[in-house]
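Note that ligands are numbered from 1 as they come in the structure, with each ligand's atoms numbered from 1 the same way. Start at 1 with the first residue, then count along the sequence. When reading the values below, keep in mind they use all heavy atoms of this one structure, side chains included, and skip hydrogens, waters and symmetry mates.
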Amino acid sequence: MILAPSILSADFSHLADDVEKVVSAGAQWIHIDVMDGHFVPNITIGPVVVRHIRRITNAYLDCHLMISKPDRYIDAFADAGADGITIHTETCTHLHRTLSRIRELGLKSGVSLNPSTPASSIEYILDVTDLILIMSVNPGFGGQSFINAVLPKIKKVKDLISEKDILVQIDGGVGTDNLGMLLGLGINVIVAGSSIFNSVDPESTIKEMFSIAAANES
Ligand code: DX5
Ligand code: ZN
């Protein structure tokens, strides 16, 4: 399991401390939610914050762009130090071209599907994609409930990927209660925001998540 804590639920006045805390507890990735107030009804952070996070950690910076026309900002996030950029299929007219550009810049390319977007939307871009992000909430906010209706989409995406070297990530409403079930369905990368940062002890929550993953593997 790759664990990607979402800093959307971190304390932004102590962001470096929160990043270091989850990385030292074992999280390999930091999930950075970028929102523009247009594609989603919330506004968060841009490349300048990514640049500062890059200075304080070697963890993989997983940038989830919930913005319209993301092709305008790919170079800026790459320049800021992102390791991977995930864009939404609903926002991008020339999806194949934009994913190719992410790879050209030496980054991992990801494509995200809203809960209502069918798995078939990724069928023709798999040759330029390193990661498929299945949204299990409507993007825009942390702390929402997991939408169970997306569960059948996981198998459909896995079937489309087949033997290709592409990670499957899930984002929204994930915690210790449903983690084992999601790993059992073949999810590789877990995003978790509020279930980690709003817990009493984020480090022990992360350790519990890795124990669940270890139990799932055995
Ligand atoms: C939602 C974001 C998520 C969010 C998840 O639009 O993409 O990454 O932070 O938050 P939780 O884990 O609290 O549902
Ligand atoms: Zn996200």
Within the protein, flag every N or O under 3.5 Å from an N or O of ligand 1, and note the pair and distance.
unit_1	atom_1	unit_2	atom_2	d
ligand 1	6 (O)	G140	N	2.7
ligand 1	7 (O)	D33	OD1	3.0
ligand 1	7 (O)	H64	ND1	3.3
ligand 1	7 (O)	D171	OD2	2.9
ligand 1	8 (O)	H31	NE2	3.4
ligand 1	8 (O)	D33	OD1	3.1
ligand 1	8 (O)	D33	OD2	2.8
ligand 1	8 (O)	D171	OD1	2.7
ligand 1	8 (O)	D171	OD2	3.0
ligand 1	9 (O)	S6	OG	2.8
ligand 1	9 (O)	D33	OD2	3.1
ligand 1	12 (O)	G193	N	2.8
ligand 1	13 (O)	G143	N	2.8
ligand 1	13 (O)	S194	N	3.0
ligand 1	13 (O)	S194	OG	2.6
ligand 1	14 (O)	G173	N	2.8

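For the pair I190/L179, a side-chain contact is recorded, criterion being any heavy-atom separation below 4.5 Å from C-beta on. With a 4.5 Å cut-off on side-chain heavy atoms, L99 and E104 do not count as touching.
The count of protein N, O or S atoms under 2.8 Å from the Zn ion (ligand 2) stands at 4, with waters excluded from the count.
Using cut-offs of 30° and 60° for the angle between ring planes, the Y60 and W29 rings count as parallel.
The aromatic ring centroids of Y124 and H96 lie 6.0 Å or more from each other.
Checked by atom type and distance alone, the side chain of T57 never pairs as donor or acceptor with a backbone atom of R54 at under 3.5 Å. Remark: the backbone N or O of L95 is not paired with any side-chain donor or acceptor of T98 at under 3.5 angstrom.
Results of the side-chain contact (heavy atoms from CB on, under 4.5 Å) test with H64 over V191, I32, D171 single out D171 as the only residue that passes.
Look at D79 and R51 and you find a salt bridge, because one of the NZ, NE, NH1 or NH2 atoms lies within 4.0 Å of a carboxylate O, short of that distance. Using a 4.0 Å cut-off between charged nitrogen and carboxylate oxygen, D62 and K108 do not count as a salt-bridge pair.
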